[in-house]
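Keep in mind the model is a prediction, meaning the values are calculated, not measured. Residues: numbered from 1 along the sequence shown.
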Amino acid sequence: MQCHLLYFARLREVFGTSAESLELPDEAANVAALLDLLRARGGVWSDELASGRSFRVAVNQDMVGADAPLKAGDEVAIFPPVTGG
């Protein structure tokens, strides 16, 4: 299944891209599996998406947890927490 990934703020800068389309294997059927797949790229991917790092995930513009299911055509946004003032 193919999903469209978006990266924002610091993550966009360190990953060197703001978006990509990714063909996910059938076993990457939820956010946790997608994050594992991205961490497997190594380098900044494993560093920035490591357990304990602060980032949020939205699927089709709804904030979700790691157990959120994914389906073909979903838009997944990954971004650091935002502060304002």
Side-chain angles (χ1 to χ4, degrees):
M1 85 179 129
Q2 188 163 18
C3 290
H4 188 67
L5 307 181
L6 301 173
Y7 309 108
F8 292 95
R10 181 188 80 245
L11 297 179
R12 177 183 61 223
E13 294 172 18
V14 297
F15 294 159
T17 186
S18 62
E20 68 177 309
S21 290
L22 186 64
E23 185 70 28
L24 302 176
D26 290 340
E27 60 269 17
N30 63 29
V31 169
L34 169 64
L35 293 173
D36 287 343
L37 186 68
L38 293 173
R39 288 181 192 113
R41 291 176 170 176
V44 295
W45 295 92
S46 62
D47 292 343
E48 293 294 334
L49 300 176
S51 175
R53 292 294 301 249
S54 292
F55 61 88
R56 307 285 309 262
V57 177
V59 175
N60 300 323
Q61 301 183 8
D62 290 324
M63 302 302 296
V64 298
D67 61 342
L70 295 175
K71 62 184 184 310
D74 278 347
E75 178 185 83
V76 181
I78 305 173
F79 51 95
V82 177
T83 60

Indicate yes or no: does E20 engage R12 in a salt bridge with an N to O separation below 4.0 Å.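 Not counted as a salt bridge, because no side-chain N and carboxylate O are separated by less than 4.0 Å.
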Hphob cluster co-occupancy, [X] + [Y], side-chain heavy atoms under 4.5 angstrom:
X	Y	result
F79	L37	no
V44	V57	yes
F8	M63	yes

If we only count heavy atoms from C-beta on, is the [X] to [Y] side-chain gap below 4.5 Å?
X	Y	value
W45	L11	no
I78	L35	yes
D74	P69	no
Y7	V76	no

Under the rule for side chain to side chain donor-acceptor pair (under 3.5 Å), what residues qualify as partners of D36, not counting sequence neighbours?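 D36: side chain to side chain donor-acceptor pair (under 3.5 Å) contacts with R39.
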What closest approach, in Å, do [X] and [Y] show between heavy atoms, and which atom pair accounts for it?
X	Y	result
K71	C3	O-SG, 3.6 Å
P81	S54	CD-O, 3.5 Å
V31	G65	CB-O, 3.7 Å

Just how far is it from atom [atom1] of [X] to atom [atom2] of [Y], taken to the nearest 0.5 Å?
X	Y	atom1	atom2	result
L49	F15	CG	CZ	4.0 Å
F55	R10	CZ	CZ	10.0 Å
L5	T17	CG	OG1	9.5 Å
H4	L22	NE2	CG	11.0 Å
R53	E48	CZ	CD	4.0 Å

Greater than 12 external heavy atoms within 6.0 Å of Q61's CD: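 Counting neighbours around CD of Q61, 12 or fewer heavy atoms of other residues, nucleotides or ligands fall under 6.0 Å, so no.
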Heavy-atom count around R41 CZ within 6.0 Å, excluding the residue itself: above 12?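 Above 12, so yes.
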State, without any angle test, whether D67 and N30 hold a side-chain donor-acceptor pair at a distance under 3.5 Å.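 D67 vs N30: no donor-acceptor pair found between side chains.
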